[in-house]
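Input: a single structure, listed below in structure tokens.
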Amino acid sequence: MTAFIVFTLAAIGTYLIRLSGIALLGDGKQLSPRVRKALTLVAPAAMAAIIANSLFLDQGAWRDFGAWHLAALVAVGVALWKRSMGWTLVAGATAFALLLVAGL
């Protein structure tokens with residue numbers, strides 16, 4: 001299979017999965033408040049898992065302390081200071097790029 005076909009099938013599959021959730025759950029009014037609260041926490045939990053995996057592991061082995069960790073500290077500091085996703089992403093990416101250029 002070509003990459004285009006694989007990506008197209010993956011896109012269609014994820015769209016159908018999302019559509020089925022909307023069709024089954026409707027507008028969410030029949031969900032209990034506890035379930036609604038849990039659903040709002042799914043995206044942040046998934047993002048935290050992806051970030052933790054990238055930060056601490058490199059191809060299955062523990063990542064040595066370096067640019068990844070320092071850039072993450074910069075991003076956390078900016079996130080706590082600005083409370084803005086955009087500023088956090090820009091600061092973290094910029095810090096990471098500068099640290100790589102500096103040789104870390």
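Values in this document were obtained by computation on a predicted structure and should not be read as measured data. Throughout, residue positions are numbered sequentially from 1 according to the sequence presented.
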Atom pair [atom1]/[atom2] of [X] and [Y] - distance to nearest 0.5 Å:
X	Y	atom1	atom2	result
Ile17	Ile12	CD1	CD1	12.0 Å
Lys37	Leu41	NZ	CG	5.0 Å
Leu98	Leu104	CG	CG	11.0 Å

Point to revise | Residue that, paired with Val76, satisfies side-chain contact (heavy atoms from CB on, under 4.5 Å) out of Leu73, Val74, Leu80 | key: Leu80

Review point. So do the side chains of Arg36 and Thr40 get within less than 4.5 Å of each other, counting heavy atoms only?
Key: no

Point to revise | For the student: nearest non-hydrogen atoms of Ala67 and Leu100, plus distance | key: CB-CD2, 4.2 Å

Check your understanding: What heavy-atom pair brings Gly92 and Ala75 nearest, and what distance separates the two atoms?
Key -> CA-CB, 4.0 Å

Point to revise | Flag if over 12 foreign heavy atoms under 6.0 Å of CZ, Phe65 | key: yes

**Study point:** Any pair counted as ring-ring contact (aromatic ring centres under 6.0 Å, His included), so long as it reaches residues 84-104, sequence neighbours left out
**Key:** Trp68-Phe96

Could you tabulate the donor-acceptor pairs under 3.5 Å formed by side-chain atoms of residues 43-61, not counting sequence neighbours?
from	atom 1	to	atom 2	distance (Å)
Ser54	OG	Ile50	O	3.1

